[in-house]
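Take a look at the structure set out below.
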2 protein chains.
Amino acid sequence: MTAETQPRRLRADAARNRRLLLDTAAATFAEYGTEVSIAEIARRAGLGKGTVFRHFANKDELIAAIVCDQLDRLSAAGTALLDAVDPTSALLEFMTLGVEVQSRDRSVCEAGVSIGVGDPGIQAATDRLFGTAEALTERARRQGGIRDDVTGQDVILLLRGAYQAAAPLARTVPELWRRYLAVIADGLLSTTAAPLPRPASTRPRPTDRNDGMPHG
Amino acid sequence: MTAETQPRRLRADAARNRRLLLDTAAATFAEYGTEVSIAEIARRAGLGKGTVFRHFANKDELIAAIVCDQLDRLSAAGTALLDAVDPTSALLEFMTLGVEVQSRDRSVCEAGVSIGVGDPGIQAATDRLFGTAEALTERARRQGGIRDDVTGQDVILLLRGAYQAAAPLARTVPELWRRYLAVIADGLLSTTAAPLPRPASTRPRPTDRNDGMPHG
DNA sequence: ACCTGAACACCGTTCAAGT
DNA sequence: ACCTGAACACCGTTCAAGT
């Protein structure tokens, strides 16, 4: 479930420290932004700052590991929604969940975008999430609830867009994203509209590698 | 037209240096990202790095000034589109233009979001842009081309969202944003859809000057 | 007024010395 | 194997000395 970049097994205390650092960093970044220093994270975790770099090659990798955790958590929530009775409203609930996750962790998510490109951990977690989203999307598509040229990847990218659209005013109007998610949802639901321009980007599906979770 | 935070008139050489720094920084940031050092910018402009801080209080303000230029440029393009014969397609063209501006200056735009909140220069330029967008939107609304609860601010924020949605894959699929802009456009065009949830955020229209509303 | 670069403070990252 | 903090390099920012 959790993204394990580590191939080897860690000594008990090291594993505990790694988890402690991840949790401390996630909480601190969420509250004060990703610009909090590594020294501060280490201090809060009660560890030396050298230890941070023993577990994560650099600050970006620490942030990446937190992002992976979030992506996997959302992926798990999506998988659970595959059992919902109404596929289309399940998909919309999934999108709502996705934006909420981002709202909770503003700065980490934003940093995640720039890091994401090129980080194999985030790539893999993203592909897993694409897979989950695709399964949800396929059900809704079969139901005829959404236009038939929409992919799971589209859904993930668009829910990111809904969040980002509202982000500049998040401080003053915290729930504005619901408005923009509604616009996007209407766009996805308009089954009568012309086909979308540009094909959806094709990325390797999680089925071809990394033993991802079974779905549908 | 251009954002003038400077109240006083600058000496000729100082004004030239300021412009030189803005252009050099814009070009360098666009190519290598906003993490390029101030020293490097100064070197490229053939000036001492102290000069950068004489014109811009800090690095964020330098980036903010570049963002203001871009916003004003887009605003000008939007104003020109007010003369177009078809209001609805003029609005869509404006949105397309808006995403293109961002694509050209990836990192500066992204940095602009986090800085934007709280920077009076960006606030003012944004309000100006909202005004332009509102004028374009109103024409389209009157024509009946788009749903009647959409504001100019919505249009700006949503075109940001379209760009951001496609941003993670911009390297590999540079034109993917067209796909997501199309989804959003369909959402805006669906005049038969239910009213949007959450009211559009009301921000001071560009008519009232920014004397800064204080908030923590 | 404006420009400059040396000097300062801070932060990410490394590494030799410790358990 | 893992932890640690002193040491290093780099960068944003300041400021006294120059034109």
Side-chain angles (χ1 to χ4, degrees), chain A residues 4-26 28-29 31-67 107-108 111-112 114-115 118-119, chain B residues 4-26 28-29 31-67 107-108 111-112 114-115 118-119:
Chain A
E4 282 305 324
T5 332
Q6 244 75 352
R8 266 185 312 85
R9 246 187 114 63
L10 293 168
R11 215 167 68 181
D13 58 342
R16 208 181 319 119
N17 282 342
R18 190 188 138 88
R19 185 91 306 265
L20 179 64
L21 282 170
L22 274 174
D23 294 340
T24 308
T28 312
F29 287 154
E31 189 168 359
Y32 302 102
T34 36
E35 261 148 49
V36 175
S37 74
I38 291 286
E40 176 68 15
I41 304 287
R43 204 187 55 73
R44 287 185 177 226
L47 297 169
K49 60 178 171 172
T51 308
V52 179
F53 290 99
R54 161 150 267 266
H55 287 283
F56 309 96
N58 50 49
K59 194 177 181 178
D60 276 3
E61 268 204 17
L62 170 59
I63 296 171
I66 297 171
V67 172
S107 62
V108 172
S114 23
I115 299 169
D119 183 278
Chain B
E4 282 305 323
T5 332
Q6 244 74 353
R8 267 183 310 86
R9 250 188 107 66
L10 293 168
R11 213 166 69 180
D13 56 343
R16 209 182 317 119
N17 284 342
R18 190 188 138 90
R19 187 81 321 254
L20 179 64
L21 282 170
L22 275 174
D23 294 340
T24 307
T28 312
F29 287 155
E31 190 168 357
Y32 301 102
T34 36
E35 262 149 48
V36 175
S37 73
I38 291 286
E40 176 68 15
I41 305 287
R43 203 187 56 73
R44 287 185 178 228
L47 297 169
K49 60 177 172 173
T51 309
V52 179
F53 291 99
R54 162 149 267 266
H55 287 283
F56 310 96
N58 49 48
K59 193 176 181 180
D60 276 2
E61 268 204 18
L62 170 59
I63 296 172
I66 297 171
V67 171
S107 62
V108 172
S114 24
I115 299 169
D119 182 278

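Each chain gets a letter, A, B and so on, in the order its sequence line appears, and its residues count up from 1.
When every heavy atom of B/Thr28 is checked against every heavy atom of B/Thr24, the shortest pair comes out as OG1-O, 2.6 Å. Across every non-hydrogen atom of A/Lys49 and A/Ala42, the tightest pair is CA-CB, 3.6 Å. Heavy-atom minimum distance, A/Leu21 versus A/Ala45: CD2-CB, 3.9 Å. When every heavy atom of B/Lys59 is checked against every heavy atom of B/Ile38, the shortest pair comes out as CG-CD1, 3.8 Å.
Note on B/His55: a side-chain N or O is less than 4.0 Å away from OP1 or OP2 of C/dC3. In this model, the phosphate group of C/dC3 is approached by a side-chain N or O of B/Asn17 to a distance below 4.0 Å at OP1 or OP2.
For the pair B/Arg11 CZ and C/dC2 P, the interatomic distance rounds to 6 Å; values are reported in whole Å. The nearest whole Å value for the distance from the CG atom in B/Leu47 to the C1' atom in C/dG5 is 13 Å. One can place CZ of A/Arg54 at 15 Å from P of D/dG5, the figure rounded to the nearest angstrom. Here C/dC2 presents its P atom at 12 Å from CZ of B/Arg16, a figure rounded to the nearest Å. Between the CG atom of B/Leu10 and the C1' atom of C/dC3 there is a distance of 14 Å, rounded to whole Å. Going from atom CZ of A/Arg19 over to atom P of D/dC2 covers 17 Å, rounded to whole Å. Atom-to-atom, CZ of B/Arg43 to P of C/dT4 comes out at 14 Å; the value is rounded to the nearest Å.
In this structure, CG in A/Leu47 is found 13.5 Å from CZ in A/Arg18, a value given to the nearest 0.5 Å. Put simply, CG on B/Leu20 and OG1 on B/Thr51 are 10.5 Å apart, with the number rounded to the nearest 0.5 Å. Annotation: the span from B/Ile66 atom CD1 to B/Phe29 atom CZ amounts to 5.5 Å, rounded to 0.5 Å. For the atom pair B/Asn17 CG and B/Arg54 CZ, the distance stands at 11.0 Å (nearest 0.5 Å).
With contacts defined as side-chain heavy-atom distances shorter than 4.5 Å, the pair A/Asp23/A/Arg19 qualifies.
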| query | Dot-bracket for DNA chain C, 5' to 3', with Watson-Crick and G-U pairs under 3.5 Å, [ ] for crossing pairs and | for other-strand pairs: what is it? | reply | ||.|||||...|||||.||
Could you run down the sub-3.5 Å N/O contacts of the protein with nucleotides 12-18 of chain D?
| from | atom 1 | to | atom 2 | distance (Å) |
| --- | --- | --- | --- | --- |
| D/dG12 | OP1 | B/Lys59 | NZ | 2.8 |
| D/dG12 | OP2 | B/Ile38 | N | 2.9 |
| D/dT13 | OP2 | B/Lys59 | N | 2.8 |
| D/dT13 | O4 | B/Lys49 | NZ | 3.1 |

